[in-house]
Student: 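Provided herewith is a single structure, encoded as C-alpha cells, for subsequent inquiry.
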Amino acid sequence: MEPAPPELLADLYGHDQDAHFDTMQLRQGLAHRMPPPLLNKLIAAIEEAGDPTVDLETATSLLNGIH
C-alpha cells in the first residue's frame, strides 16, 4: 500500500521541523511518489501562498487543504 501524501511529505522532510524546501525540491522529491495532479496542486498552493520555501507544517497544511 502506498503511503498517504502527508506521510510522503514527512518522509521527504525527514521529520525535521526546521527544514524548508522550495517548490523545485518538493517536485523533485515527490515526483515519482505522488500522483502528478496532486503534486501540481500542492506546488500551485505553495506558490500562491507567496513563500519561496515551506516547512513541513505549512506543506502539510496546504496539502490537507487541497484534498
Student: Go through Gln25 and Thr53 one step at a time and tell me if the side-chain contact (heavy atoms from CB on, under 4.5 Å) criterion holds.
Tutor: CA-CA 9 Å; Gln25 291 169 309; Thr53 62; 5.5 Å; no
Student: So does Ala44 get a backbone contact from the side chain of Glu47, meaning a donor-acceptor N/O pair under 3.5 Å?
Tutor: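 Here the side-chain-to-backbone pair does not exist.
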Student: Which atom names give the shortest non-hydrogen contact between Leu38 and Pro5, and what distance separates them?
Tutor: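 Closest heavy-atom pair between Leu38 and Pro5: CD2-CG, 3.5 Å.
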Student: Between Asp22 and Leu26, is the side-chain contact (heavy atoms from CB on, under 4.5 Å) condition met? List the steps.
Tutor: CA-CA 6 Å; Asp22 64 27; Leu26 288 172; over 6 Å; no
Student: Between Asn64 and Ser61, does any side-chain donor sit less than 3.5 Å from a side-chain acceptor?
Tutor: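 Note: Asn64 and Ser61 side chains miss the donor-acceptor criterion.
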Student: For the residue pair Ala59 and Tyr13, what are the closest heavy atoms and their distance?
Tutor: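 Closest approach of Ala59 to Tyr13: CB-OH, 3.9 Å.
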Student: To the nearest 0.5 Å, how far apart are CG in Leu62 and OG1 in Thr58?
Tutor: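 One gets 6.5 Å once the value is rounded to the nearest 0.5 Å.
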Student: Just jot down the side-chain contact (heavy atoms from CB on, under 4.5 Å) partners of Asp11, sequence neighbours excluded, or say none.
Tutor: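 Checked Asp11 against side-chain contact (heavy atoms from CB on, under 4.5 Å); matches are His15, Arg33.
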Student: Donor-acceptor pair, distance only, cut-off 3.5 Å: does the side chain of His32 make one with the backbone of Leu30?
Tutor: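 No.
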Student: Do Phe21 and Leu9 have side chains that approach each other closer than 4.5 Å (heavy atoms only, starting at C-beta)?
Tutor: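 They are not in contact (no side-chain heavy atoms under 4.5 Å apart), so the answer is no.
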Student: What is the distance from atom CD1 of Ile43 to atom CZ of Arg27, rounded to the nearest 0.5 Å?
Tutor: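 Nearest 0.5 Å value for the CD1-CZ distance: 5.0 Å.
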Student: Please evaluate residues His20 and Val54 with respect to the criterion side-chain contact (heavy atoms from CB on, under 4.5 Å), reporting the C-alpha separation (whole Å), side-chain torsions for both, the decisive distance (0.1 Å), and the verdict.
Tutor: CA-CA 5 Å; His20 285 71; Val54 292; 5.8 Å; no
Student: Quick one: list whatever passes salt bridge (charged side-chain N to carboxylate O under 4.0 Å, His left out) with Asp51, sequence neighbours left out.
Tutor: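 If we apply the salt bridge (charged side-chain N to carboxylate O under 4.0 Å, His left out) test to Asp51, skipping adjacent residues, there are no hits.
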Student: Would Ile66 and Leu42 count as a side-chain contact (heavy atoms from CB on, under 4.5 Å) here? Give the steps.
Tutor: CA-CA 7 Å; Ile66 58 177; Leu42 174 60; 4.1 Å; yes
Student: Tell me, please, which residues at least two apart from Thr23 pass side chain to side chain donor-acceptor pair (under 3.5 Å).
Tutor: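 So Thr23 forms no side chain to side chain donor-acceptor pair (under 3.5 Å) with any residue.
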